[in-house]
Amino acid sequence: MPRTVLEAEAIQDELRPLLDLTGPGPRDPARIAGVDVAYDGDRLAAAVTVLDGTTLEVVEEVAVHGRVAFDYVPGLLAFRELPALLDALDRLSALPDLVVCDGYGLAHPRRFGLACHLGVLTGLPAIGVGKTAFVGTYDEPGPERGSWSDLRLDGDVVGRVLRTRDGVKPVFVSAGHRVDLDTACHNVLNLTLRYRLPETTRAADRLSRRMLTENCRPGLMGSERHDEMG
DNA sequence: GCGACAG
DNA sequence: ATCTTGTCGC
């Protein structure tokens with residue numbers, strides 16, 4: 001774990017060459033994971049929620065407790081959230097086919113946002129879905145669900161501003177690892193049949209908050225249902 | 001130089 | 001991220 005901004009940025013530059021940007025990535029993933037982290041002072045809870053790619057039903061979920069080990073610095077979000085997220089991902093019974101991150105991927109000052117970092121470290125296909133603008137310029141996409149516009153940074157298209165619901169504020173989609181932008185947006189639209197944000201993100205957000213609030217066994221919480229027989 | 005800045 | 005009431009709308 002880096003201890004300074006400079007160290008962290010160096011790590012990003014070091015890992016960036018490991019990115020797999022040769023598309024297209026999973027168009028019909030069977031298991032899609034959503035990840036999110038909730039905070040309370042220096043306490044945090046990281047959650048991973050896996051949905052069935054077809055029914056969008058939650059098929060597995062894991063949440064873990066942790067401590068903030070890196071202050072939030074724009075551009076270095078991964079160092080704050082990744083340790084706990086990797087911990088939670090390790091506890092899944094089966095690997096997901098796609099991970100939807102809360103934040104950015106290639107749309108990043110050094111082209112290595114949370115979704116890229118998580119993807120490289122786990123080897124899993126990953127994409128980023130941000131709720132607000134971070135980097136880049138763009139034109140407002142059309143008002144209907146499905147319309148989008150390029151998110152550009154220094155002349156490169158680094159992501160897409162995608163309208164997931166009619167007349168509702170768009171989200172910022174970018175590729176992370178082993179998924180191209182088209183496939184990323186395709187998946188995001190499949191995950192937003194009812195709300196602006198992907199069901200994966202919503203489920204992970206709820207779980208992480210619950211983990212923080214409830215007095216559960218320090219360590220974990222999840223769908224490792226302890227068969228309560230008898 | 002100053003302000004903005006994922007979560 | 002988090003602090004926070006009411007309010008407009010389906």
Side-chain angles (χ1 to χ4, degrees), chain A residues 1-2 5 8-9 11-12 15-16 33-49 63-89 99-121 126-138 143 145 151-154 156 158-162 164-177 181 184-185 188 192-198 200-213:
Chain A
M1 175 67 50
V5 167
E9 292 178 343
I11 290 175
Q12 294 182 323
L15 295 177
R16 180 165 152 38
V35 296
D36 194 25
V37 180
Y39 302 87
D40 175 32
D42 63 335
R43 287 206 319 132
L44 65 78
V48 178
T49 305
V64 301
H65 281 301
R67 289 277 168 192
V68 171
F70 201 90
D71 287 329
Y72 172 68
V73 177
L76 302 179
L77 177 65
F79 295 98
R80 182 175 171 80
E81 310 210 322
L82 223 36
L85 288 178
L86 294 177
D87 184 2
L89 282 166
V99 180
V100 179
C101 299
D102 213 338
Y104 285 64
L106 285 180
H108 177 277
R110 284 169 300 284
R111 308 297 198 277
F112 201 73
L114 174 64
C116 297
H117 206 143
L118 184 149
V120 165
L121 263 42
I127 65 174
V129 180
K131 297 181 284 291
T132 61
F134 176 37
V135 291
T137 58
Y138 61 93
R145 162 181 158 83
L151 178 60
R152 289 199 183 74
L153 181 60
D154 304 323
D156 302 326
V158 294
R160 214 169 266 183
V161 183
L162 177 67
T164 55
R165 299 291 297 160
D166 287 359
V168 168
K169 201 212 298 187
V171 297
F172 299 77
V173 181
S174 54
H177 184 59
L181 197 46
C185 288
V188 170
T192 51
L193 268 34
R194 203 176 151 81
Y195 300 97
R196 178 174 84 112
L197 298 178
T200 39
T201 300
R202 291 168 45 77
D205 180 83
R206 286 192 301 268
L207 179 57
S208 63
R209 289 175 192 279
R210 207 190 319 146
M211 180 69 170
L212 213 50
T213 299

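Proteins get letters first, then strands, A, B, ... in listed order; numbering begins at 1 in each. The model shown is predicted, which means the values in this text are computed figures rather than measured ones.
For the pair Tyr72(A) and dG7(B), the ring geometry qualifies as stacking, because the centroid separation is below 5.5 Å while the planes lie within an angle under 30°. Ring-base stacking between Phe134(A) and dA6(B) is satisfied, the centre separation being under 5.5 Å and the plane angle under 30°.
Counting non-hydrogen atoms under 4.0 angstrom, Gly130(A) reaches the backbone sugars and phosphates but no base. Across all strands shown, Gly75(A) has heavy atoms under 4.0 Å from base atoms, whether or not it also approaches the sugar-phosphate. The residue Asp40(A) sits apart from the nucleic acid: no heavy atom pair falls under 4.0 Å. If you check every strand for non-hydrogen atoms under 4.0 Å, Leu76(A) touches a base. Contact annotation for Ala107(A): no contact, since no heavy-atom pair falls under 4.0 Å across all strands. At the heavy-atom level, Leu114(A) lies under 4.0 Å from base atoms of the strands shown.
The side chain of Asp102(A) has dG7(B) as its nearest neighbour among dA6(B), dG7(B), dT2(C). Relative to the side chain of Ala38(A), the nucleotides dG7(B), dC5(B), dT2(C) differ in distance, and dT2(C) lies closest. Considering only side-chain atoms of His108(A), the nucleotide from dG7(B), dA6(B), dT2(C) that sits closest is dA6(B).
By the 4.0 Å N-to-carboxylate-O rule, Arg210(A) lies too far from Asp205(A) to be salt-bridged with it. Between Arg209(A) and Asp36(A) there is no salt bridge, since no side-chain N of the basic residue sits under 4.0 Å from a carboxylate O of the acidic one.
Side chains of Tyr72(A) and Glu81(A): a donor-acceptor N/O pair is absent below 3.5 angstrom, by distance only.
Within 6.0 Å of CZ in Arg145(A) there are more than 12 heavy atoms belonging to other residues, nucleotides or ligands.
At whole-Å resolution of the value, CZ in Arg80(A) and C1' in dA1(C) are 7 Å apart.
The phosphate of dG7(B) (OP1 or OP2) has a side-chain N or O of Lys131(A) nearer than 4.0 angstrom.
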